[in-house]
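Structure first, then comments.
In listed order, ligands and their atoms are each counted from 1.
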Amino acid sequence: MSITSEIRVRSGLAIHGGVGTISESRMSAELQAAYEEALAVSLLAGHEVLTGGGSAVDGVVAAICVMEDSPLFNAGCGSNLDERGVVTMDASLMRGEDRAAGAVAGVQTPRNPIRAAQLVLERSEHVLLIAEGAEAFCRDAGLPIEAAGYFVTERRLGDLERARQRKDERPNVLGDATPEGMSEHPSFRAGTVGAVARDSTGSLAAGTSTGGMANKAWGRVGDSPVIGAGTYASRRCAVSGTGWGERFIEHAVAYQIHARMDLTGVSLAEAVHAVVWDELAARVPKSGGLVAMDAEGNVELAFNTPGMYRGWIGENGQPHVDIYGGRG
Ligand code: ASP
């Protein structure tokens, strides 16, 4: 069986809305249509930026903002709540051309955390700002902020309640697989969002944004704002991941795709397969997925879970979206 998606674009994007999908048997036709619509709108927003001559970074930010603004996904409005019932969000953004990166962690106020990460990338000498310091930086720059209630949805309150009830089954932080795999756990019922893009000059970018896992410990930060774990971009490839953040950090998932390509000369598809299946799934079944693009415009959308909200778009502007069914 071929391990490549055989998708190739000159300029375009690939996005994900997280691997914590609602199981196929419980997904209603209406909700599935709403997810597919939101993914398509996100792809079209990124495509519009790219076809207007915008950079890969701007395309990634435009696509992610749509998903942050949608309550369907676990990022921005609709973020998961931590064990105190508070939304704290993480995001990161990286430009492949010069490997400039920006990230924020544990922020409670920026309406679009990915824009906060972009501010750090473009206007700060630092890469990662956290909590109140990050918020002050964003406020001073005039980034739109929201009150806590804006981010909270009924659905995520329900997810928090379910995760609290099953707290004793909380994922073992030492990394043992739960019998049914991480993707079945309520704390994983998430929809972290991410995007990778290649613009008309051939430059790559990647970004990721999340509310983290439901009922996460106060102060917990996952892989999404960690450059090299949840997000990485170079001249070789761009990667955005979703899944069990602790494991993604330990396996340096996003950087590892770049490193395998760079050091061993394997293709994007081979590097992605090795990391998502041979490493991650071998350690923890159903632990995550990612979207990735390389310098030639090859696109990979890979996951070891039952589903991943995902899509891609090329220069012709036709969005392709899907939720279930992966390649083995
Ligand atoms: N990776 C995210 C985290 O651990 C969760 C997710 O992708 O759904 O915070």
Side-chain angles (χ1 to χ4, degrees), residues 15-23 35 64 67-68 70 72-76 78-83 86-92 103-107 113-114 117 128 130 151 155-156 159-160 163 170-173 175 178 181-196 206-232 239-256 275-276 280-281 283-284 286-292 301-310 323 326:
I15 60 169
H16 68 76
V19 283
T21 51
I22 294 167
S23 62
Y35 270 109
I64 289 181
M67 293 188 281
E68 286 180 336
S70 164
L72 291 173
F73 302 101
N74 169 29
S79 284
N80 269 329
L81 299 115
D82 71 10
E83 63 186 357
V86 174
V87 166
T88 62
M89 301 169 287
D90 309 325
S92 64
V104 293
V107 294
I114 195 67
L128 173 58
I130 66 162
F151 300 100
R155 180 171 161 205
R156 297 299 178 205
D159 286 345
L160 175 64
R170 188 180 214 158
N172 178 344
V173 290
T178 57
M182 250 320 276
S183 70
E184 308 303 324
H185 197 280
S187 66
F188 201 58
R189 211 151 292 302
T192 290
V193 306
V196 294
T208 311
S209 179
T210 189
M213 290 164 113
N215 201 29
K216 64 188 179 183
W218 181 14
R220 181 264 187 188
V221 174
D223 59 313
S224 306
V226 178
I227 296 299
T231 301
Y232 201 75
V239 182
S240 170
T242 167
W244 193 355
E246 280 71 11
R247 306 293 83 81
F248 273 59
I249 294 171
E250 289 163 347
H251 287 260
V253 164
Y255 178 74
Q256 204 190 134
V275 173
V276 172
L280 281 176
R283 179 166 174 194
V284 189
K286 304 186 195 172
S287 49
L290 54 84
V291 292
L301 307 103
F303 49 100
N304 58 38
T305 47
M308 177 169 82
Y309 301 112
R310 64 194 186 277
I323 302 178

> Where is the tightest heavy-atom contact between Ile114 and Glu68, given as atom of each residue plus distance?
Replying inline: N-OE2, 3.0 Å

> Does ligand 1 have any atom that is closer than 4.0 Å to a heavy atom of Lys216?
Replying inline: no

>> Does either side chain, that of Thr192 or that of Thr210, offer a donor lying less than 3.5 Å from an acceptor on the other one?
In response: yes

>> Nearest 0.5 angstrom please: Thr305 OG1 to Leu280 CG, how far?
In response: 10.5 Å

>> Give the atom numbers and elements of ligand 1 that come within less than 4.0 Å of a heavy atom of Thr242.
In response: 6 (C), 7 (O), 8 (O)

> For Phe73, which residues count as a ring pair (Phe, Tyr, Trp, His ring centres under 6.0 Å) partner, sequence neighbours excluded?
Replying inline: Tyr35

> So is Gly18 in contact with ligand 1, going by heavy-atom distances below 4.0 Å?
Replying inline: no

> Less than 4.0 Å between a side-chain N and a carboxylate O, is that true for Glu246 and Arg220?
Replying inline: yes

> Any N or O on Gly245 sitting closer than 3.5 Å to an N or O of ligand 1?
Replying inline: yes

> Hey, is ligand 1 close enough to Glu246 that some N/O pair sits below 3.5 Å?
Replying inline: no

> Below 3.5 angstrom, do we get any N/O pair linking Gly241 and ligand 1?
Replying inline: no

>> Any nitrogen or oxygen of Asp223 lying under 3.5 Å from a nitrogen or oxygen in ligand 1? Just yes or no.
In response: yes

>> Is it the case that ligand 1 has an N or O less than 3.5 angstrom from some N or O of Thr192?
In response: yes

>> I'd like to check which ligand 1 atoms, numbered from 1 as shown, lie under 4.0 Å from a non-hydrogen atom of Gly243.
In response: 1 (N), 2 (C), 3 (C), 4 (O), 5 (C), 6 (C), 7 (O)

> Does Arg220, backbone or side chain, put an N or O under 3.5 Å from an N or O of ligand 1?
Replying inline: yes

> Which residues satisfy the side-chain contact (heavy atoms from CB on, under 4.5 Å) test with Asp223, sequence neighbours excluded?
Replying inline: Ala229, Phe248, Ile249

> Which heavy-atom pair separates Val196 from Ala206 by the least distance, and what is that distance?
Replying inline: CG1-CB, 3.9 Å

